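Here the structure comes first, spelled out in C-alpha cells, and everything after it is commentary.
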Amino acid sequence: MTDKHFTLTDPESGTETKLNRYDPTLGPSVLDITSLYSDQGVFTYDPGFGATASCTSQVTYVDGEAGVLLYRGYPIEQLAEHSNYLEVCYLLLHGELPSREELAEFDKSIRTHTMINESLLRFFNGFHNDAHPMAMVSGVVASLSAFYHDTTDIYNPEHRDIFAHRIIAKLPTIAAAAYKHTLGQPFIYPKNDLSYCSNLLRMFFAVPADEYEIDPVAAEALDLLFILHADHEQNCSTSTVRLAGSSGTSPYSAIAAGISALWGPAHGGANEAVINMLEEIGTADRIDEYVARAKDKNDPFRLMGFGHRVYKSYDPRAAIIRNMCHRVLAGLGQQDSPLLEQALKLEEIALKDEYFIEKNLYPNVDFYSGIIYQALGIPKSMFTVMFAIARCVGWVTHWCEMVADPNSRIGRPRQLYNGPAKRDYLPVSERN
Ligand code: ACO
C-alpha cells in the first residue's frame with residue numbers, strides 16, 4: 001500500500017479522484033487507475049500500451065534510457081560473461097542463483113524431459129516440406145496441451161514446475177523435428193548426456209549415416225545467445241502469454257500464443273528480416289539508398305534490427321552480440337564475413353544520420369544475432385525458432401508469476417468505440 005497520491009480533477013464537474021501512486025524498486029512510479037472509471041466515468045487510452053504497466057513483476061528490469069537489462073537484479077553483462085543458459089533458466093524461474101546441488105538437479109531434470117511422445121512426431125507429416133518452421137513449432141507446441149492432463153493443474157505449484165521443465169526441455173526437440181522435416185531428413189532423437197545447446201546442435205545437424213562432432217565454439221555461442229534472449233519483461237510475446245494464460249487456458253496453449261506473437265517482423269521475426277535486408281542491399285555502396293528509404297515516410301521500408309519500444313540507447317544485448325561476432329566467426333574459421341562487414345557499415349552510417357539520432361534508433365538484439373546463427377549453419381527460417389527456444393523460459397516464468405499471484409485477473413482491455421451509434425436493422429428488400 002501507499003500514502004502517495006495523484007489527484008485528478010475533471011475540469012467540467014470539478015470531481016476529484018485520488019489515484020494511488022506506487023514506487024517500484026527501480027524505474028518510474030505507476031499510478032493506479034483502477035478507480036478512475038467508477039469515480040469519473042472515463043477510461044484511459046494507451047494504444048500499444050506504451051505507458052501502461054499491465055502487472056507487477058519481480059523478474060526482469062529494463063532501463064531503456066540507460067541501456068540496462070537485469071534478470072532478477074543481475075546485469076546481463078555479468079550473466080553473459082560468467083553464467084550459462086541453464087543456470088539463467090533456474091535464476092529466472094526461481095528468483096535466485098542455484099547452489100551447485102540445485103543446479104545439478106535442475107540440469108538433470110531438463111535432460112530427462114527432452115523426448116517427445118512418438119505420436120507428436122507424426123504431426124509433422126501433416127505439413128508440407130516448405131512450411132515455415134514457426135508455423136510448425138507453434139502448432140505442435142499447442143498440441144502438447146492434448147497430453148499431460150494429469151499433471152497440468154495450473155493451480156498446483158508442482159504441476160507448474162513439471163510443465164516448466166517439460167516445455168524448456170522439449171522445445172529444442174520440437175524445433176529440431178521441424179527443421180528435419182523441412183530437409184526431409186530423419187529425426188534425430190535427443191541424447192541426454194549432452195548439454196542443452198550441444199544436444200540441440202546434434203539434433204539439428206547430425207544424420208544417422210554419419211558421425212557428428214559437436215563444435216564447442218558453436219555450442220558456447222548458442223548458449224550465450226540464449227542467455228541474451230531469455231527474458232525481456234512485458235514484451236509483445238510475453239504479454240501475449242500472460243493475456244492468453246489469464247483465462248486459465250492450458251499453459252502449452254499460452255506458450256503457443258507467445259510463439260505466434262514472436263514470429264512477426266516487428267518482434268522476434270526481425271532477426272530473419274535483418275539477413276534478408278542485408279542480402280537485398282548486397283553491396284556497401286547501396287547502403288545509403290536503403291537508409292534513405294527507411295527515412296522516407298511514403299516508403300513502408302524500415303531498417304530491420306533497428307529501433308526498440310523501450311531502448312532509446314544502444315540495446316545492451318546488441319552490444320554483447322556485436323562484440324562476440326568477431327570472436328565466434330574466427331573460432332568457426334569464418335573470419336571474413338561480408339555480411340558482418342555490411343552490418344557494421346550500415347550501423348556506422350545509420351548512427352551518424354540525423355534521422356536515427358533524433359529518433360534514438362539503435363541496433364536491437366536482432367541486428368547481429370542472425371549473423372551468428374548463419375555462421376552456425378542455421379538457416380534463416382529457423383532464426384526466430386531459436387529465439388523462441390531461448391525466450392521460452394521467460395514466458396514460462398511470467399506465466400508462473402501470474403498464475404501464482406492471488407490478485408491476477410483475466411486480461412480484458414477496454415476500448416474507445418468509434419463505430420456506428422445504435423441503429424435499426426432493415427430487411428434486405430428495404431435497403432437501396
Ligand atoms: N527504421 C526507420 N524508422 C524507424 C524504425 C526503423 N527500424 N523504427 C522506428 N522508426 C521510426 C518510426 O517511423 C517512427 O517515426 P515517426 O515518429 O516519425 O512516426 C519513430 O521511429 C518511432 O517508431 P514507432 O514505430 O512509433 O516505435 P515503436 O516503439 O512503436 O516500435 C519497433 C518499435 C517495432 C521495434 C520499431 O522500431 C521497428 O519496427 N523496428 C524494426 C523491426 C525490428 O527490428 N523489430 C525487433 C525489435 S526487438 C524485439 O522485438 C526482439
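Read the numbers this way: they start at 1 and go in the same order the structure lists the ligands and their atoms. Computed from a prediction, not measured in an experiment: that's the story for all the values here.
Residue Pro265 touches ligand 1 through its backbone alone, judged by heavy-atom distances below 4.0 Å.
Arg166 and His113 are not linked by any side-chain donor-acceptor pair at a separation below 3.5 angstrom, with hydrogens and angles left out of the test.
Pairs passing the ring-ring contact (aromatic ring centres under 6.0 Å, His included) check and including a residue from residues 255-276, sequence neighbours excluded, read His132-Trp263.
Ion pairing between Arg21 and Asp32 fails under the 4.0 Å rule for side-chain N and carboxylate O. Contact check on Lys352 versus Glu348 returns a salt bridge, with a Lys/Arg side-chain nitrogen under 4.0 Å from an Asp/Glu carboxylate oxygen.
Ranking protein heavy atoms by distance to atom 26 (O) of ligand 1, first place goes to Arg302 NH2, 4.9 Å. Looking from atom 35 (C) of ligand 1 to the surrounding protein, the closest heavy atom is Gly307 O, 3.6 Å. Distance from atom 1 (N) of ligand 1 to its nearest protein heavy atom, with residue and atom name: Leu303 N, 3.1 Å. The protein non-hydrogen atom at the shortest distance from atom 42 (C) of ligand 1 is Met304 CE, 3.4 Å. Here the protein heavy atom with the shortest distance to atom 40 (N) of ligand 1 is Phe306 O, 2.9 Å. The single protein non-hydrogen atom nearest to atom 33 (C) of ligand 1 is Arg309 N, 3.8 Å, given as residue, atom name and distance.
Ligand-side atoms of ligand 1 in range of Phe387: 51 (C), range being under 4.0 angstrom from any heavy atom. Close approach of ligand 1 to Ala270 (heavy-atom distance below 4.0 Å) involves ligand atoms 43 (C), 44 (O), 45 (N), 46 (C). Residue-ligand proximity, Val365 to ligand 1, at heavy-atom distances under 4.0 Å covers atoms 51 (C).
Checking each of Tyr368, Phe383, Phe204, Phe226 against Tyr373 for a ring-ring contact (aromatic ring centres under 6.0 Å, His included) leaves exactly one that passes, namely Phe383.
Residue-ligand proximity: Lys297 is placed with a non-hydrogen atom under 4.0 Å from ligand 1. For the ligand labelled ligand 1, residue Tyr355 lies inside the 4.0 Å heavy-atom shell. Remark: distances from the non-hydrogen atoms of Cys236 to ligand 1 are all 4.0 Å or more. For the ligand labelled ligand 1, residue Gly305 lies inside the 4.0 Å heavy-atom shell.
Under the 4.5 Å side-chain criterion, counting only non-hydrogen atoms from C-beta, Ser369 is not in contact with Phe367. Using a 4.5 Å heavy-atom threshold, the side chains of Ser35 and Thr17 count as touching.
Under the salt bridge (Lys or Arg N to Asp or Glu O under 4.0 Å) criterion, Asp107 pairs with Arg111, not counting sequence neighbours.
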Discussion item. Run His165 and Phe106 through ring pair (Phe, Tyr, Trp, His ring centres under 6.0 Å) and show every step you take.
Written reply: CA-CA 8 Å; His165 292 205; Phe106 179 68; 5.1 Å; yes
Practice prompt. Would you sort out whether Leu222 and Met386 count as a side chain to side chain contact (heavy atoms under 4.5 Å, CB included), showing the intermediate values?
Written response: CA-CA 9 Å; Leu222 207 54; Met386 305 309 282; 3.8 Å; yes
Practice prompt. Take Tyr71 and Tyr61, measure what ring pair (Phe, Tyr, Trp, His ring centres under 6.0 Å) needs, and give me the verdict at the end.
Written response: CA-CA 7 Å; Tyr71 293 166; Tyr61 174 72; over 10 Å; no
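The closest non-hydrogen atom to atom 16 (P) of ligand 1, taken over Lys295, His267, Lys359, Glu358, comes from Lys359. Residue nearest to atom 4 (C) of ligand 1, selected from Asp315, Asn235, Leu361: Leu361 (by heavy-atom distance).
In this structure, atom 6 (C) of ligand 1 has protein heavy atoms in its sub-4.0 angstrom surroundings.
Here's the thing with Ala266: one of its N/O atoms is less than 3.5 angstrom from an N/O atom of ligand 1.
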